[in-house]
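Notes to accompany the following structure.
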There are 2 protein chains.
Amino acid sequence: MDDWQARLEELVSKLRERDYRITPQRLAILKILAVSDNHPSVEQVYEQIRREFPTTSLATVYKTIATLKEMGEVLELGFADCASRYDGKRPKPHTHLICVKCRTILDPDVKNLESVPLHVAQQAGFRLVSHRFDIYGLCPRCQSEE
Amino acid sequence: MDDWQARLEELVSKLRERDYRITPQRLAILKILAVSDNHPSVEQVYEQIRREFPTTSLATVYKTIATLKEMGEVLELGFADCASRYDGKRPKPHTHLICVKCRTILDPDVKNLESVPLHVAQQAGFRLVSHRFDIYGLCPRCQSEE
DNA sequence: TTTTCTGCAAATGCTTTGCATGGGA
DNA sequence: TCCCATGCAAAGCATTTGCAGAAAA
(Lines give C-alpha, C1' and ligand atoms only; values in the text may rest on other atoms or scores of the structure.)
Protein backbone atom coordinates (compact mmCIF):
# COMPACT_ATOMS: atom_id res chain seq x y z
CA MET A 1 0.00 0.00 0.00
CA ASP A 2 2.52 2.52 1.21
CA ASP A 3 5.45 2.12 -1.08
CA TRP A 4 8.07 3.89 0.93
CA GLN A 5 10.83 1.57 -0.27
CA ALA A 6 10.34 2.65 -3.85
CA ARG A 7 10.33 6.26 -2.76
CA LEU A 8 13.53 5.73 -0.79
CA GLU A 9 15.27 4.25 -3.80
CA GLU A 10 14.03 7.09 -5.93
CA LEU A 11 15.53 9.60 -3.51
CA VAL A 12 18.82 7.71 -3.37
CA SER A 13 19.17 7.52 -7.12
CA LYS A 14 18.30 11.20 -7.55
CA LEU A 15 21.08 12.08 -5.14
CA ARG A 16 23.51 9.79 -6.97
CA GLU A 17 22.58 11.37 -10.29
CA ARG A 18 23.78 14.67 -8.95
CA ASP A 19 26.96 13.13 -7.51
CA TYR A 20 25.95 13.58 -3.92
CA ARG A 21 27.51 11.00 -1.64
CA ILE A 22 25.32 8.50 0.10
CA THR A 23 26.46 8.60 3.70
CA PRO A 24 24.83 6.55 6.45
CA GLN A 25 23.36 9.73 7.95
CA ARG A 26 21.85 10.79 4.64
CA LEU A 27 20.43 7.38 4.02
CA ALA A 28 18.79 7.38 7.43
CA ILE A 29 17.31 10.85 6.86
CA LEU A 30 15.98 9.82 3.47
CA LYS A 31 14.38 6.76 4.99
CA ILE A 32 12.65 8.77 7.68
CA LEU A 33 11.33 11.19 5.06
CA ALA A 34 10.18 8.35 2.80
CA VAL A 35 8.40 6.57 5.63
CA SER A 36 6.81 9.43 7.59
CA ASP A 37 3.34 10.54 6.70
CA ASN A 38 3.08 12.97 9.60
CA HIS A 39 5.08 15.74 7.90
CA PRO A 40 7.92 15.82 10.46
CA SER A 41 9.90 18.85 11.54
CA VAL A 42 13.70 18.92 11.42
CA GLU A 43 13.70 18.38 15.18
CA GLN A 44 11.53 15.28 14.83
CA VAL A 45 13.75 13.84 12.10
CA TYR A 46 16.72 14.60 14.33
CA GLU A 47 15.23 12.76 17.30
CA GLN A 48 14.46 9.73 15.19
CA ILE A 49 17.82 9.57 13.53
CA ARG A 50 19.58 9.84 16.86
CA ARG A 51 18.13 6.50 17.86
CA GLU A 52 20.11 4.91 15.04
CA PHE A 53 23.09 7.29 14.82
CA PRO A 54 23.49 9.02 18.19
CA THR A 55 26.25 11.34 17.00
CA THR A 56 24.31 12.89 14.12
CA SER A 57 24.04 16.66 14.31
CA LEU A 58 21.10 18.92 13.71
CA ALA A 59 23.13 20.81 11.11
CA THR A 60 23.44 17.67 9.02
CA VAL A 61 19.69 17.17 9.08
CA TYR A 62 19.17 20.78 8.03
CA LYS A 63 21.73 20.49 5.24
CA THR A 64 20.33 17.27 3.84
CA ILE A 65 16.78 18.59 3.85
CA ALA A 66 17.97 21.82 2.21
CA THR A 67 19.53 19.77 -0.57
CA LEU A 68 16.35 17.77 -1.13
CA LYS A 69 14.28 20.93 -1.04
CA GLU A 70 16.45 22.49 -3.71
CA MET A 71 16.04 19.35 -5.82
CA GLY A 72 12.27 19.58 -5.42
CA GLU A 73 12.14 16.23 -3.64
CA VAL A 74 10.77 17.53 -0.38
CA LEU A 75 7.91 19.94 0.21
CA GLU A 76 8.43 22.53 2.94
CA LEU A 77 5.54 23.92 4.94
CA GLY A 78 6.81 27.04 6.67
CA PHE A 79 4.93 28.80 9.47
CA ALA A 80 5.14 32.18 11.14
CA ASP A 81 5.13 30.84 14.67
CA CYS A 82 6.84 27.45 14.66
CA ALA A 83 9.33 25.23 12.87
CA SER A 84 8.81 24.14 9.27
CA ARG A 85 7.38 20.72 8.52
CA TYR A 86 8.47 18.54 5.61
CA ASP A 87 6.79 16.13 3.23
CA GLY A 88 9.17 13.78 1.45
CA LYS A 89 6.51 11.39 0.20
CA ARG A 90 4.53 13.77 -1.96
CA PRO A 91 6.78 16.65 -2.97
CA LYS A 92 4.25 18.26 -5.30
CA PRO A 93 1.94 20.97 -3.87
CA HIS A 94 -1.26 19.62 -2.37
CA THR A 95 -3.88 20.61 0.17
CA HIS A 96 -3.08 20.28 3.87
CA LEU A 97 -5.46 20.11 6.79
CA ILE A 98 -3.71 21.36 9.91
CA CYS A 99 -4.81 21.27 13.53
CA VAL A 100 -4.06 24.64 15.09
CA LYS A 101 -3.68 23.07 18.53
CA CYS A 102 -1.71 19.82 18.21
CA ARG A 103 -0.22 20.63 14.82
CA THR A 104 -1.26 17.36 13.23
CA ILE A 105 -1.05 17.66 9.45
CA LEU A 106 -3.24 15.56 7.16
CA ASP A 107 -3.42 15.23 3.36
CA PRO A 108 -7.15 15.34 2.59
CA ASP A 109 -8.56 14.41 -0.78
CA VAL A 110 -9.53 17.58 -2.59
CA LYS A 111 -10.59 17.60 -6.20
CA ASN A 112 -11.19 20.15 -8.90
CA LEU A 113 -8.66 22.66 -7.70
CA GLU A 114 -5.79 21.68 -9.99
CA SER A 115 -6.57 24.29 -12.60
CA VAL A 116 -7.06 27.20 -10.22
CA PRO A 117 -3.42 28.17 -9.56
CA LEU A 118 -2.48 28.25 -13.23
CA HIS A 119 -5.59 30.17 -14.13
CA VAL A 120 -5.14 32.80 -11.43
CA ALA A 121 -1.45 33.20 -12.22
CA GLN A 122 -2.03 33.65 -15.95
CA GLN A 123 -4.84 36.11 -15.31
CA ALA A 124 -2.29 38.41 -13.67
CA GLY A 125 0.54 37.71 -16.11
CA PHE A 126 2.51 35.60 -13.63
CA ARG A 127 4.42 32.47 -14.56
CA LEU A 128 3.19 29.82 -12.15
CA VAL A 129 5.82 28.30 -9.88
CA SER A 130 3.85 26.53 -7.17
CA HIS A 131 1.07 27.03 -4.70
CA ARG A 132 -0.03 26.27 -1.19
CA PHE A 133 -3.46 25.53 0.17
CA ASP A 134 -3.70 25.08 3.93
CA ILE A 135 -6.91 24.58 5.86
CA TYR A 136 -6.63 25.28 9.57
CA GLY A 137 -8.96 23.86 12.17
CA LEU A 138 -9.35 21.89 15.37
CA CYS A 139 -9.00 18.15 14.95
CA PRO A 140 -11.56 15.81 16.54
CA ARG A 141 -9.28 14.90 19.41
CA CYS A 142 -8.47 18.51 20.30
CA GLN A 143 -12.17 19.44 20.10
CA SER A 144 -13.07 16.86 22.69
CA GLU A 145 -10.30 18.00 25.00
CA GLU A 146 -11.56 21.58 25.07
CA MET B 1 -12.84 54.06 -3.98
CA ASP B 2 -10.34 52.88 -1.45
CA ASP B 3 -11.98 53.63 1.85
CA TRP B 4 -8.97 53.49 4.12
CA GLN B 5 -10.35 56.22 6.35
CA ALA B 6 -13.34 54.12 7.29
CA ARG B 7 -11.06 51.18 7.93
CA LEU B 8 -8.83 53.34 10.10
CA GLU B 9 -11.76 54.47 12.21
CA GLU B 10 -12.93 50.91 12.50
CA LEU B 11 -9.54 49.86 13.83
CA VAL B 12 -9.45 52.76 16.27
CA SER B 13 -12.85 52.04 17.69
CA LYS B 14 -12.12 48.33 18.02
CA LEU B 15 -9.06 49.18 20.06
CA ARG B 16 -11.06 51.61 22.22
CA GLU B 17 -13.73 48.97 22.80
CA ARG B 18 -11.09 46.81 24.39
CA ASP B 19 -9.69 49.71 26.43
CA TYR B 20 -6.46 49.93 24.53
CA ARG B 21 -5.01 53.40 24.56
CA ILE B 22 -4.72 55.34 21.34
CA THR B 23 -1.17 56.62 21.31
CA PRO B 24 0.31 58.61 18.43
CA GLN B 25 2.49 55.62 17.53
CA ARG B 26 -0.45 53.26 17.45
CA LEU B 27 -2.50 55.65 15.39
CA ALA B 28 0.30 55.96 12.88
CA ILE B 29 0.73 52.18 12.66
CA LEU B 30 -3.01 51.72 12.18
CA LYS B 31 -3.01 54.28 9.42
CA ILE B 32 -0.17 52.58 7.58
CA LEU B 33 -1.98 49.25 7.83
CA ALA B 34 -5.28 50.75 6.69
CA VAL B 35 -3.68 52.48 3.71
CA SER B 36 -1.18 49.90 2.45
CA ASP B 37 -2.28 47.45 -0.15
CA ASN B 38 1.17 45.95 -0.57
CA HIS B 39 1.02 43.73 2.52
CA PRO B 40 3.93 45.35 4.36
CA SER B 41 6.38 43.62 6.67
CA VAL B 42 7.03 44.89 10.19
CA GLU B 43 10.28 46.37 8.92
CA GLN B 44 8.43 48.28 6.19
CA VAL B 45 5.88 49.63 8.65
CA TYR B 46 8.77 50.61 10.90
CA GLU B 47 10.56 52.52 8.13
CA GLN B 48 7.40 54.40 7.23
CA ILE B 49 6.50 55.31 10.77
CA ARG B 50 9.99 56.57 11.45
CA ARG B 51 9.46 59.33 8.90
CA GLU B 52 6.69 60.69 11.12
CA PHE B 53 7.91 59.56 14.58
CA PRO B 54 11.67 59.05 14.38
CA THR B 55 11.95 57.63 17.89
CA THR B 56 9.47 54.79 17.42
CA SER B 57 10.93 51.39 18.15
CA LEU B 58 10.60 48.14 16.26
CA ALA B 59 9.25 46.49 19.42
CA THR B 60 6.30 48.86 19.47
CA VAL B 61 5.46 47.97 15.89
CA TYR B 62 5.67 44.28 16.73
CA LYS B 63 3.53 44.70 19.83
CA THR B 64 0.83 46.70 18.08
CA ILE B 65 0.60 44.25 15.21
CA ALA B 66 0.48 41.34 17.67
CA THR B 67 -2.49 43.00 19.37
CA LEU B 68 -4.32 43.50 16.09
CA LYS B 69 -3.54 39.94 15.03
CA GLU B 70 -5.00 38.60 18.25
CA MET B 71 -8.11 40.70 17.66
CA GLY B 72 -8.41 39.26 14.16
CA GLU B 73 -7.99 42.69 12.58
CA VAL B 74 -4.84 41.92 10.71
CA LEU B 75 -4.00 38.89 8.57
CA GLU B 76 -0.50 37.51 8.92
CA LEU B 77 1.26 35.78 6.05
CA GLY B 78 4.20 33.89 7.52
CA PHE B 79 6.99 32.39 5.44
CA ALA B 80 9.75 29.89 6.04
CA ASP B 81 12.49 32.03 4.59
CA CYS B 82 11.63 35.66 5.25
CA ALA B 83 9.73 38.04 7.48
CA SER B 84 5.95 37.89 7.80
CA ARG B 85 3.76 40.24 5.79
CA TYR B 86 0.56 41.80 7.06
CA ASP B 87 -2.81 42.72 5.58
CA GLY B 88 -4.79 45.18 7.65
CA LYS B 89 -7.29 46.05 4.95
CA ARG B 90 -8.84 42.62 4.45
CA PRO B 91 -8.30 40.58 7.60
CA LYS B 92 -10.36 37.61 6.42
CA PRO B 93 -8.57 34.76 4.60
CA HIS B 94 -8.31 35.25 0.87
CA THR B 95 -6.15 34.12 -2.03
CA HIS B 96 -2.74 35.69 -2.49
CA LEU B 97 -0.59 35.80 -5.59
CA ILE B 98 3.06 36.12 -4.60
CA CYS B 99 6.13 36.79 -6.72
CA VAL B 100 8.89 34.45 -5.59
CA LYS B 101 11.55 36.90 -6.71
CA CYS B 102 10.54 40.42 -5.68
CA ARG B 103 7.99 39.31 -3.08
CA THR B 104 5.19 41.45 -4.44
CA ILE B 105 1.86 40.25 -3.03
CA LEU B 106 -1.41 40.74 -4.89
CA ASP B 107 -5.02 39.96 -4.01
CA PRO B 108 -6.43 38.35 -7.15
CA ASP B 109 -10.13 37.78 -7.69
CA VAL B 110 -10.87 34.11 -7.18
CA LYS B 111 -14.36 32.73 -7.07
CA ASN B 112 -16.03 29.51 -6.14
CA LEU B 113 -13.59 28.48 -3.48
CA GLU B 114 -15.47 29.78 -0.44
CA SER B 115 -17.09 26.46 0.34
CA VAL B 116 -13.98 24.32 -0.03
CA PRO B 117 -12.31 24.91 3.35
CA LEU B 118 -15.47 24.18 5.33
CA HIS B 119 -16.24 21.13 3.27
CA VAL B 120 -12.75 19.63 3.58
CA ALA B 121 -12.61 20.37 7.31
CA GLN B 122 -15.97 18.76 8.02
CA GLN B 123 -15.09 15.74 5.92
CA ALA B 124 -12.28 14.99 8.36
CA GLY B 125 -14.19 15.98 11.49
CA PHE B 126 -12.28 19.21 11.98
CA ARG B 127 -13.85 22.46 13.19
CA LEU B 128 -12.79 25.05 10.61
CA VAL B 129 -10.73 27.94 11.93
CA SER B 130 -9.25 29.56 8.85
CA HIS B 131 -7.37 28.81 5.69
CA ARG B 132 -4.64 30.03 3.43
CA PHE B 133 -4.34 29.86 -0.31
CA ASP B 134 -1.11 31.19 -1.79
CA ILE B 135 -0.17 31.03 -5.45
CA TYR B 136 3.55 31.50 -6.12
CA GLY B 137 4.95 32.65 -9.41
CA LEU B 138 7.13 35.13 -11.25
CA CYS B 139 5.50 38.50 -11.81
CA PRO B 140 5.62 40.13 -15.27
CA ARG B 141 8.40 42.52 -14.28
CA CYS B 142 10.62 39.78 -12.85
CA GLN B 143 10.03 37.60 -15.91
CA SER B 144 11.33 40.30 -18.22
CA GLU B 145 14.39 40.87 -16.07
CA GLU B 146 15.46 37.23 -16.30
C1' DT C 1 43.93 10.45 -2.89
C1' DT C 2 40.69 13.74 -3.65
C1' DT C 3 36.83 15.99 -2.50
C1' DT C 4 32.75 16.17 -0.17
C1' DC C 5 30.36 15.56 4.24
C1' DT C 6 30.02 15.77 9.16
C1' DG C 7 29.70 17.81 13.67
C1' DC C 8 30.54 21.41 16.56
C1' DA C 9 30.07 26.08 17.74
C1' DA C 10 29.33 30.59 16.45
C1' DA C 11 26.54 33.63 13.76
C1' DT C 12 22.25 35.14 11.72
C1' DG C 13 17.51 36.93 11.11
C1' DC C 14 13.12 37.58 12.87
C1' DT C 15 10.48 38.12 16.81
C1' DT C 16 9.51 38.40 21.79
C1' DT C 17 10.39 39.81 26.47
C1' DG C 18 11.87 42.45 30.80
C1' DC C 19 12.08 46.52 32.76
C1' DA C 20 12.57 51.47 33.82
C1' DT C 21 10.62 55.67 32.12
C1' DG C 22 7.05 58.33 29.85
C1' DG C 23 2.49 59.57 28.70
C1' DG C 24 -2.78 58.57 27.85
C1' DA C 25 -7.26 58.67 30.17
C1' DT D 1 -3.24 59.79 39.65
C1' DC D 2 -3.09 55.24 37.90
C1' DC D 3 -1.82 52.06 34.64
C1' DC D 4 -0.71 51.01 30.33
C1' DA D 5 2.54 51.86 26.45
C1' DT D 6 7.04 52.93 24.89
C1' DG D 7 11.88 52.18 23.85
C1' DC D 8 15.91 50.07 24.70
C1' DA D 9 18.59 46.07 25.21
C1' DA D 10 18.79 41.38 26.05
C1' DA D 11 16.90 36.93 25.23
C1' DG D 12 14.73 33.33 22.31
C1' DC D 13 14.07 30.25 18.60
C1' DA D 14 14.71 28.27 14.13
C1' DT D 15 17.98 28.05 10.79
C1' DT D 16 22.50 28.84 8.46
C1' DT D 17 27.42 29.16 8.18
C1' DG D 18 32.61 28.43 8.90
C1' DC D 19 35.86 25.34 9.57
C1' DA D 20 38.81 21.33 10.95
C1' DG D 21 38.69 16.58 10.99
C1' DA D 22 36.37 12.26 9.09
C1' DA D 23 34.96 9.43 5.50
C1' DA D 24 32.88 8.47 0.68
C1' DA D 25 34.26 7.40 -3.98
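We name chains A, B, ... by the order of the sequence lines, and we start the count at 1 in each one.
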Starting at atom [atom1] of [X], determine the distance to atom [atom2] of [N], rounded to an integer number of angstrom.
X       : N      : atom1 : atom2 : answer
B:Tyr46 : C:dG13 : OH    : C1'   : 15 Å
A:Ile49 : C:dC5  : CD1   : P     : 15 Å
B:Tyr20 : D:dT6  : OH    : C1'   : 16 Å
A:Phe53 : D:dA23 : CZ    : P     : 12 Å

Checklist entry - Do the non-hydrogen side-chain atoms of B:His96 and B:Leu75 ever get within less than 4.5 Å of each other? => result yes
Checklist entry - So, do A:Asp107 and A:Asp37 sit near enough that their side-chain heavy atoms are less than 4.5 Å apart? => result no
How close do [X] and [Y] get, counting heavy atoms only, and between which atoms?
X        : Y        : value
B:Ile135 : A:Ala121 : CG2-CB, 4.4 Å
B:Val42  : B:Leu58  : CG1-CD2, 3.5 Å
A:Leu113 : B:Val116 : CD1-CG1, 4.2 Å

Next on the checklist: Under 4.0 Å, heavy atom to any atom of DNA chain C: which of residues 55-93 of chain B qualify?
Outcome noted: B:Ala59, B:Tyr62, B:Lys63, B:Ala83, B:Ser84
Item to check | Contacting residues from residues 21-29 of chain B, given that a heavy atom lies under 4.0 angstrom of DNA chain C | outcome: B:Arg21, B:Ile22
Next on the checklist: For the OG1 atom of B:Thr60 and the CD1 atom of B:Ile49, what is their distance to the nearest 0.5 Å?
Outcome noted: 8.0 Å
Item to check | Test side chain to side chain contact (heavy atoms under 4.5 Å, CB included) applied to B:Ile29 and B:Thr67, B:Thr64, B:Leu11, the passing residue | outcome: B:Thr64
Checklist entry - Could you walk me through whether A:Ser84 and A:Glu76 pass the side-chain hydrogen bond (donor to acceptor under 3.5 Å, both in side chains) check? => result CA-CA 7 Å; A:Ser84 288; A:Glu76 176 175 37; 3.1 Å; yes
